[in-house]
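Everything quoted here is computed from the prediction, not taken from an experiment. Chain letters run A, B, ... following the sequence lines, proteins first, then strands; residues in each count from 1.
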2 protein chains.
Amino acid sequence: MAIRKENSTNMQNEKCITEGCDLTYAVCKIGGRWKLLILCKLEEGKLRFGEIKKLIPGVTERMLTLQLRELEKDGLVNRTVYAEVPPRVDYELTVVAKELIPIWSQLSNWGKKHKILMK
Amino acid sequence: MAIRKENSTNMQNEKCITEGCDLTYAVCKIGGRWKLLILCKLEEGKLRFGEIKKLIPGVTERMLTLQLRELEKDGLVNRTVYAEVPPRVDYELTVVAKELIPIWSQLSNWGKKHKILMK
DNA sequence: TATGGTACTAACAAATTTGTAAGTAATGGC
DNA sequence: GCCATTACTTACAAATTTGTTAGTACCATA
């Protein structure tokens, strides 16, 4: 999010773990506070920045920007900028991200079940 | 991990998101740095604290303890203490955690694929 | 009596993530 | 010229997670 220190133990550990464990790697990619929420909203199709914002009560513009940037960097979201004023930008899921959908729906079911169980 | 402030915006946001989104909820449960690694090791069966430690190069005892405690609290791991000296404690996956296995194996495949794609 | 083995805990420090508040750029319409 | 609109950025602060180091308890064995 902010810049990370290349050689902190923290960073080294993360690198090392995600190199060795594809599962941890995968979860890291979707692990930001607002990321899954964003991805879910995009499941139905393209959305503009402002639309996503409205769909997710509680995100600040800063957080939304940060999370979108990471999703983009990680190839989960495509960002399209239109040369217009006022600016228009939209976001959509990439192919790889779409491959996640069936998995995340199972995970979501597991979550629902677990949530009930834990009450 | 450490105690969280009940009324920070951060905490409130997390609560609010995980209440509304089962997927985010699920990912939160397995989102600690070492959690998935631990769960994977336990896939084969019970392990003692020290065994897990040996299987995961890089974890400190503190981190291992913390993560195991959370997994226990969240009902993903069962902890058994034997009244022996020196102490003996073992950990195993709960039923709910086992239900995650097929999902995480898919997620792991996705991770592997994504990792290659991103190079 | 001293030592070793096991599974921790405590106090602290560093790194990272998240949130707050305010500002920016460009242009069409008034 | 002035304002509204949109998608951001910047500087800062707070919260949270992760890591470091040094200890603890217990008893069997040497």
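When the P atom of C/dA7 is taken as reference, atom CZ of B/Arg79 falls 10 Å away, rounded to whole Å. Atom P of nucleotide C/dG19 and atom CG of B/Asn7 are separated by 15 Å, given to the nearest angstrom. Per the geometry, CD1 belonging to A/Ile3 stands 11 Å off P belonging to C/dT17, to the nearest Å. Rounded to an integer number of Å, the gap from A/Trp34 CH2 to C/dT17 P is 16 Å. For the pair A/Ile56 CD1 and D/dA7 C1', the computed distance is 15 Å after rounding to whole Å. For the pair A/Gln12 CD and D/dT18 C1', the computed distance is 14 Å after rounding to whole Å. The separation between B/Ile52 atom CD1 and C/dA7 atom P is 9 Å, rounded to whole Å. In this structure, A/Leu66 atom CG and C/dT20 atom P are separated by 14 Å, rounded to whole Å.
Under the side-chain contact (heavy atoms from CB on, under 4.5 Å) criterion, B/Glu84 pairs with B/Tyr82, B/Arg88, not counting sequence neighbours. Here A/Ile101 pairs with A/Glu43, A/Leu93, A/Lys98, A/Trp104 under the side-chain contact (heavy atoms from CB on, under 4.5 Å) rule; sequence neighbours left out. Applying the salt bridge (Lys or Arg N to Asp or Glu O under 4.0 Å) rule to B/Lys15 yields the partners B/Glu6; only residues at least two apart in sequence or on another chain are considered. Residues that satisfy the side-chain contact (heavy atoms from CB on, under 4.5 Å) test with B/Thr65, not counting sequence neighbours, are B/Phe49, B/Arg69. Taking A/Ser105 as the reference, nothing meets the side-chain contact (heavy atoms from CB on, under 4.5 Å) condition, with sequence neighbours excluded.
Taking for each of A/Val89 and A/Asn10 the nucleotide of DNA chain D with the nearest heavy atom, the 5'-most of the two is the partner of A/Val89. Nearest-nucleotide positions on DNA chain D for A/Arg33 and A/Leu68 put A/Leu68 closer to the 5' end. Toward the 5′ end of DNA chain C lies the nearest nucleotide of B/Lys54, the other residue of the pair B/Glu14 and B/Lys54 mapping further downstream. Comparing A/Met11 and B/Asp90 along DNA chain C, the residue whose closest nucleotide (by nearest heavy atom) sits nearer the 5' end is B/Asp90.
Applying side chain to side chain contact (heavy atoms under 4.5 Å, CB included) to A/Leu55 and the options A/Leu47, A/Leu42, A/Ile38 leaves one that passes, A/Leu47.
In this structure, A/Arg33 contributes its side chain and B/Asn10 its backbone to a donor-acceptor pair below 3.5 Å.
Using a 4.0 Å heavy-atom criterion, one finds that A/Tyr82 contacts no nucleic acid atom at all.
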Taking distance alone, no hydrogens or angles, what donor-acceptor pairs closer than 3.5 Å link side-chain atoms of residues 71-81 of chain B to residues at least two apart or in another chain?
from: B/Asp74; atom 1: OD1; to: B/Lys29; atom 2: NZ; distance (Å): 3.3
from: B/Arg79; atom 1: NE; to: B/Tyr91; atom 2: OH; distance (Å): 3.3

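Sorted by first and then second residue, the side-chain hydrogen bond (donor to acceptor under 3.5 Å, both in side chains) pairs involving residues 109-119 of chain B (not counting sequence neighbours) are A/Asp22-B/Lys115, A/Tyr25-B/His114, A/Glu99-B/Lys113.
In this model, the phosphate group of D/dT5 is not approached by any side-chain N or O of A/Arg88 to a distance below 4.0 Å at OP1 or OP2. Taking 4.0 angstrom as the limit, A/Gln67 places none of its side-chain polar atoms (N or O) nearer than this to OP1 or OP2 of C/dT17.
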Protein-nucleotides 20-29 of chain D N/O pairs under 3.5 Å:
from: D/dT20; atom 1: OP1; to: A/Thr9; atom 2: OG1; distance (Å): 3.1
from: D/dT20; atom 1: O4; to: B/Arg62; atom 2: NE; distance (Å): 3.3

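To the nearest 0.5 Å, the span separating NZ on B/Lys41 from NZ on B/Lys54 amounts to 14.0 Å.
For the segment residues 40-51 of chain B, the set of residues with a heavy atom within less than 4.0 Å of an atom of DNA chain C comprises B/Arg48, B/Phe49, B/Gly50, in numerical order.
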